[in-house]
S.K.: 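Okay, handing you the structure first.
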There are 2 protein chains.
Amino acid sequence: MFSIGTLSDRTGVKIPTIRYYEEMGLLPEPERTAGNQRRYTQAGLDRLGFIKHARDLGFTIESIRALIDLNDHPDHSCATANAIATSQLDDVRAKIARLQRLETELVRIATHCDGKGRASDCYVLTSLADHSLCETAH
Amino acid sequence: MFSIGTLSDRTGVKIPTIRYYEEMGLLPEPERTAGNQRRYTQAGLDRLGFIKHARDLGFTIESIRALIDLNDHPDHSCATANAIATSQLDDVRAKIARLQRLETELVRIATHCDGKGRASDCYVLTSLADHSLCETAH
DNA sequence: TCTTGAACCTCTAGTTACTAGAGACGTTAG
DNA sequence: CTAACGTCTCTAGTAACTAGAGGTTCAAGA
Ligand SMILES: [Zn+2]
Ligand SMILES: [Zn+2]
Ligand SMILES: [Zn+2]
Ligand SMILES: [Zn+2]
């Protein structure tokens with residue numbers, strides 16, 4: 001049996017976050033000692049590792065809830081898991097695309113200002129005031 | 001003089017968000033009608049456009065506050081504006097790099113599952129449970 | 001001038017995924 | 001047995017909004 005601190009050390013998930021996951025229904029309520037402290041089994045540790053990995057890959061709590069549910073029902077079809085992963089990939093790609101457009105504009109903005117002028121003719125401020133200077137939609 | 005709804009229509013910023021910006025100190029408190037409704041000048045409209053553009057480029061409220069402050073002091077050095085823009089660019093690049101690592105893993109995960117199997121041997125679930133299958137740190 | 005419907009007002013609370021802190025209690029090594 | 005550290009619950013705070021309730025004001029047409 002592991003204490004919450006041990007779980008935290010082994011997974012890198014902070015203690016309040018573990019309690020938060022429990023409250024959100026991602027982790028089942030563990031056993032308690034006579035003094036009311038949480039005690040986890042190996043299964044609890046494994047599940048927390050699963051959650052942590054999914055969070056690191058950007059899945060939402062909501063998605064993880066569904067994925068865990070599938071994990072708990074091995075006989076179900078994995079269509080939902082596939083849909084969640086695919087949609088997560090789409091999300092990530094959309095975010096990358098948006099950030100790359102921002103990068104384009106920010107490079108332009110940052111390179112046209114050396115930080116040594118006056119605010120009145122600073123390219124950073126000018127281009128924030130005028131979107132028509134931008135090369136992309138964003 | 002423009003009503004808040006007109007400002008919203010012209011900038012694409014929603015009405016509650018305009019009020020929020022005012023509360024955050026990004027927009028000065030505008031004049032009011034006898035009936036207590038906000039009435040903006042062209043300067044107010046321009047400033048909201050500035051804020052909107054900066055938000056679209058990912059600057060935080062905190063950064064925008066500093067940028068506006070510079071805009072209001074044309075004689076100041078633009079070093080701060082340069083620093084803010086450069087740091088924003090660094091942020092964006094760091095986010096892109098992270099998302100690209102996630103993309104790598106998600107492509108692997110999504111392509112190894114066709115969504116037609118059982119949860120018990122679904123590659124999505126397997127690889128969420130086991131980070132050692134990953135190609136990158138993330 | 002009156003009316004009516006759209007626009008506006010303030011205030012509270014909810015969103016996401018945590019994080020921080022207070023004050024009290026439990027556990028364990030020496 | 002006691003000191004030091006771990007853990008408990010609960011509340012509130014973070015960023016940047018968004019939604020809704022319940023009430024008031026504005027503007028245009030009859
Ligand atoms: Zn400059
Ligand atoms: Zn632009
Ligand atoms: Zn599958
Ligand atoms: Zn991994």
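The sequence lines fix the lettering, A, B, ..., with proteins before strands; numbering per chain opens at 1.
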S.K.: Tell me: CD of Glu29(A) to P of dC8(D), nearest whole Å?
M.R.: 12 Å
S.K.: State whether Arg38(B) places a side-chain N or O below 4.0 Å from either non-bridging phosphate oxygen (OP1 or OP2) of dC8(C).
M.R.: no
S.K.: In Å and rounded to the nearest 0.5 Å, what is the OG1 to CZ distance from Thr126(B) to Phe50(A)?
M.R.: 9.0 Å
S.K.: For every nucleotide of nucleotides 19-30 of chain C, 5' to 3': is a protein heavy atom under 4.0 Å from its base (B), only from its sugar-phosphate (S), or from neither (-)?
M.R.: S------SS---
S.K.: Are Lys52(A) and Asp56(A) within salt-bridge range, i.e. N to O under 4.0 Å?
M.R.: yes
S.K.: So, Gln88(A) versus Ser63(A): side-chain donor-acceptor pair below 3.5 Å or not?
M.R.: no
S.K.: Rounded to the nearest Å, what distance is computed from the CD1 atom of residue Ile61(A) to the P atom of nucleotide dT15(C)?
M.R.: 14 Å
S.K.: If the test is side chain to side chain donor-acceptor pair (under 3.5 Å), which one of Glu105(A), Arg108(A), Gln100(A), Arg101(A) qualifies with Thr136(A)?
M.R.: Glu105(A)
S.K.: Under the side chain to side chain contact (heavy atoms under 4.5 Å, CB included) rule, what do Ile51(B) and Ile68(B) come out as? Steps first, then yes or no, please.
M.R.: CA-CA 8 Å; Ile51(B) 295 167; Ile68(B) 283 176; 3.8 Å; yes
S.K.: In whole angstrom, what separates Ile18(B)'s CD1 from dA16(D)'s P?
M.R.: 17 Å
S.K.: Tell me which residues in residues 41-60 of chain A put a heavy atom below 4.0 Å from DNA chain C, sorted by number, or none.
M.R.: Arg55(A), Thr60(A)
S.K.: So do Leu89(A) and Glu103(B) actually touch side chain to side chain, heavy atoms under 4.5 Å?
M.R.: yes
S.K.: Are Ile4(B) and Met1(B) connected in the hydrophobic side-chain network, where two residues link if heavy atoms are under 4.5 Å apart?
M.R.: no
S.K.: Five pairs per end, C1' atoms only: what is the angle between the end axes of the helix from dT1(C)-dA30(D) to dG30(C)-dC1(D), to 10 degrees?
M.R.: 10°
S.K.: If we ignore hydrogens and angles and just use 3.5 Å, is the side chain of Gln37(A) paired with the main-chain N or O of Arg32(A) as donor and acceptor?
M.R.: no
S.K.: Counting N and O atoms only, with roles assigned by atom type, does the side chain of Arg47(A) sit under 3.5 Å from a partner on the main chain of Leu27(A), one being a donor and the other an acceptor?
M.R.: no
S.K.: Would you indicate, yes or no, if dA17(C) has its OP1 or OP2 atom less than 4.0 angstrom from a side-chain nitrogen or oxygen of Arg65(A)?
M.R.: no
S.K.: Is any side-chain heavy atom of Leu45(B) less than 4.5 Å from a side-chain heavy atom of Thr11(B)?
M.R.: yes
S.K.: I'd like to check Ser127(B) versus Ile109(B) (side-chain heavy atoms, cut-off strictly below 4.5 Å). Are they in contact?
M.R.: yes
S.K.: Check the distance between dT7(D)'s P and Tyr40(A)'s OH and give it to me in whole angstrom.
M.R.: 10 Å
